[in-house]
Amino acid sequence: MTLVPGLDILALARAGRYGVGAFNTNNMETTQAILETADEARSPVIVALSEGALSYGGKQLVDIVKVMGSEVTVPVSVHLDHGSSYESCLRALRHGFTSVMIDKSHEDEETNIAETRRVVAAAHAVGITVEAEIGRLGGIEEHVVVAEEEAILTKPDEAERFMARSGADYLAVAIGTSHGANKGKGRPFIDHDRIVEIAARIDHPLVMHGASGVPREIVARLNRAGGTLKDATGIHEDDVSRAVTEGIAKINTDTDLRLAFTARVREVLSAKPGEFDPRKILGPAREEMKAVIRSRMELFGSVGKA
Ligand code: 13P
């Protein structure tokens, strides 16, 4: 089916109190894993490309995602993750993305609103919907490194003002999560009261970045096969399923796919040192990512919603 605007998928998710995965891709195998799993699970899905993914895979990667995305029979949106500028969002619109994020969360509120408004005007003119962010997540984003002490949680009154003035369609909120494989010591604190308060003030779908679970068994396998990942921690599954019932509709997942991919590639290469057929190395990695995506979709409650 044709690709759909992000809001078409996310408005249903917010109203139905389930979450939809926005899975990041960089290559053909990851794209196949995301879309094949969505089709098999009858789940709507968002395929996210960051600016880093675009400079790695170029127009060819976008073409792969668009062609594969329009061949599956569930609703798919192709999304620009963390667009850093108006120009970057415009390029994505021209490439045929059906959802864009403008991330000016590190600017002051007025600048964030003004820049978001520009992107909203352009995107809405061609029927595409927009994600914006207010507050600041810790960890590493594509174009900005935010130290833990600089991370600022989203204030409910600011969120309400921001959505009324910016015209954005869905809002990324800082509620305790952070990007990457190390989300803090022990079980990271997720501010559920804050999600509930924000959701009470705005009906827009809310977005949780930095939501990977960083499964222990996958990290252990990766390390057993020669990896050196230390202090890896993710967001607890109970926090994700609770957040979904509180108003989070879009859940970004990148790190879990990278971990699954790398763990399996390491295992294959160490078990079969003579192997040099890329299909026999990347094929199992694709299967590993599919298993992770399936379990994420089950956790979000999106299985069977398409
Ligand atoms: P993770 O690093 O937790 O997978 O988060 C990815 C993300 O939020 C991309 O925008």
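Remember, it's 1-based here, ligands and their atoms both numbered in the order they're listed. Values below: every heavy atom of this structure, side chains too, minus hydrogens, waters and symmetry copies.
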Problem - Over 12 foreign heavy atoms within 6.0 Å of CZ, Arg201 - result: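 Above 12, so yes.
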Problem - Sub-4.0 Å heavy-atom environment of ligand 1, residues by chain - result: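 Shell around ligand 1 (4.0 Å, heavy atoms): Asn24, Asp81, His82, His179, Gly180, Lys183, His209, Gly210, Ala211, Ser212, Asn252, Thr253, Asp254, Thr255.
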Practice task
Using side chain to side chain donor-acceptor pair (under 3.5 Å) as the criterion, list what pairs up with Glu36, not counting sequence neighbours.
Solution key: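 Glu36 satisfies side chain to side chain donor-acceptor pair (under 3.5 Å) with Lys290 once adjacent residues are dropped.
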Practice task
Apply salt bridge (Lys or Arg N to Asp or Glu O under 4.0 Å) to Glu275 and list each qualifying residue two or more places apart in sequence or on a separate chain.
Solution key: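 Once residues adjacent in sequence are excluded, Glu275 has no partner under the salt bridge (Lys or Arg N to Asp or Glu O under 4.0 Å) criterion.
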Exercise for the section: Apply salt bridge (Lys or Arg N to Asp or Glu O under 4.0 Å) to Arg216 and list each qualifying residue two or more places apart in sequence or on a separate chain. Expected result: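 None.
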Exercise for the section: For the pair Lys104 and Glu110, find out whether any cationic side-chain nitrogen is under 4.0 Å from an anionic carboxylate oxygen. Expected result: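 Looking at Glu110 together with Lys104, the answer is no, because their closest N to O distance does not fall below 4.0 Å.
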Problem - Whether Tyr170 and His79 hold their rings parallel, tilted or perpendicular, with breakpoints at 30° and 60° - result: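 Correct class here is tilted.
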